[in-house]
Amino acid sequence: MRDEQVVEATLFASQTALDPDEIARADESLDRERVLDAIRALRDQYEASERAFQIYQLGDGYQILTRPEFAPYLERFDSVPRAPHLSPAALETLAIIAYRNPIGRIEIEEVRGVSASSVLRTLLDWELVEVVGRGEGLGRPLLYGVSSRFLEHFGLKDLSDLPAPDELPVVLGELQEAMEAETVSAEEAPDEEAVAREALAGEAAAESD
Amino acid sequence: MSPSTASTEPISRSIEPFQVSLERFEGPLDLLLHLIRAQDIDIFDIPIARITEQFVKALEGGLEAMPIERAGEFLEMAATLVRIKAQLLLPRPEQPDWDEDPRAELVRRLLEYEHFQDVVHVLEGAEAQRGRHFGKGFVEHRPSPGLAPVELELSLAEFLSIAARIPEPLPPAEVRPPSQTVTVEEKASLLRRLLSKAKKVSFDRLFRPWGTRAHAVASLLAALELARQQVLRIEQVKPFSSIWLLPGNRDGGPRSADGPETGE
């Protein structure tokens, strides 16, 4: 009971995702396992009492976020901070790095057919990508991988949340359906079915452990 | 090198529906894939001559506007396509891999690129999903402190009646050089003349006959200047009601180059 309250207070006060080890610093009696237990219990409580927020796992960290079905209400306020959308070039480069991790600049450019140096610099600046090592080849080129910030930006638990190459067609089909459902219900109050589907997607991520 | 001169007419005519703007494409692979998919071409049997021609056609006009590095990327692909076409025409049995389809490497790259385009869509979906969750840091907008709120002594009905009086916006004016200079002096003498004939002149009337801003500005300046010289008085019964110009204490006689000596 006390664990849960301490963890809840810590998560509540934070504006970013917190690693369980970090949360454990709040009290001597806490450790990673107890923090994770507390998070699970809190999630169940929020679920049972139908709170407008939930604890979501983003990368290695956890954060209290509003449930997706409340987005239409919050979006009415201009002052709600919105995550920036990444450019097509940035998404393309991230896609390649996420699947070919670790990968050098030359290999990225071979896949894209265009230069990647400036977009790589931007992604490094935004900490979506990090240097993970050096290659064997001439000049020992830098190798890049996606960062935990990448997981946070896309709401992923880890890279296995991304579909395997052979699952892609299925996932894309579902995505298409979800988007169509969303456009249909865009003018009305949130469509319950779409909301349920999204909530499920979010929860599947956090409940699988 | 230019295939457009070498090929036949009917092909170039069939290209017309594929007018594309280059900025839309991330790079040459993107453009190539678009040409193939938009025409339902079997990616394992690409008609290189036709695709090359369409590719080069798409580059026309767009290359000059591009940064040189980006233009080079498109040109490199054009060169690759032409090379593949040449290899198709001239198989070289003396080379070890001569029986391999020269298009194979390009097809592999296109399929790989397409695969990552699919991943891009998955990432876009994830990004949109994530965007529907909000964390702390939401701050309701507040008017910045220091600007005291101003009480408007105006009812909604009053506001609406004023709003109704605002004329429809003029159609966008053509840009033309000013045909003549409008001087404040001209406007001042016009005002004097008007006031000598009528007891009062509506402020609006100064602007109405002339559409251009120069006239309006000169009229306004003239009215203010004459008011300062006490040639006329400006009156308004209540806020937002009509503004009237009335003859002032001094008469509207020909003015000297005065100004500062105008007493109270």
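Because only heavy atoms are used, hydrogens play no part in the values below, and waters and symmetry mates are left out as well, while side chains stay in. Numbered from 1 within each chain, the chains take letters A, B, ... in sequence-line order.
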> Do any N or O atoms from the side chain of B/K136 and from the backbone of A/F12 form a donor-acceptor pair under 3.5 angstrom?
Replying inline: yes
> Relative to chain A, which segment of B/Q117 carries a heavy atom at a distance below 4.5 Å: side chain, backbone, both, or neither?
Replying inline: side chain
>> I need the residue from B/M77, B/E76, B/R70, B/R109 with the largest number of non-hydrogen atom pairs under 4.5 Å to chain A.
In response: B/R109
>> Less than 4.5 Å apart, side chain to side chain, heavy atoms only: is that true for B/V122 and A/L162?
In response: yes
> To the nearest 0.5 Å, how far apart are CD in B/E73 and CD in A/E109?
Replying inline: 8.0 Å
> For the side chain of B/E26 and the backbone of A/R112, is there at least one donor-acceptor N/O pair under 3.5 Å apart?
Replying inline: no
>> Given heavy-atom pairs under 4.5 angstrom as the criterion, report whether the side chain, backbone, both or neither of B/E69 touches chain A.
In response: side chain
>> Using heavy-atom distances under 4.5 Å, tell me whether A/Q63 contacts chain B through its side chain, its backbone, both, or neither.
In response: side chain
> Can you tell me how far OH of B/Y113 sits from CD1 of A/I96, rounded to the nearest 0.5 angstrom?
Replying inline: 8.0 Å
> What distance do B/F116 atom CZ and A/L91 atom CG have between them, rounded to the nearest 0.5 Å?
Replying inline: 13.5 Å
>> I need the B/R132 CZ to A/E75 CD distance, nearest 0.5 Å.
In response: 6.5 Å
>> Whether the side chain of B/H133 engages the backbone of A/R67 through a donor-acceptor N/O pair (distance < 3.5 Å, no angle test) should be reported.
In response: no
> Is the backbone N or O of A/G155 less than 3.5 Å from a side-chain atom of B/Q129, with the two atoms forming a donor-acceptor pair by type?
Replying inline: no
> Considering only heavy atoms, which portion of A/L58 lies under 4.5 Å from any heavy atom of chain B: side chain, backbone, both, or neither?
Replying inline: side chain
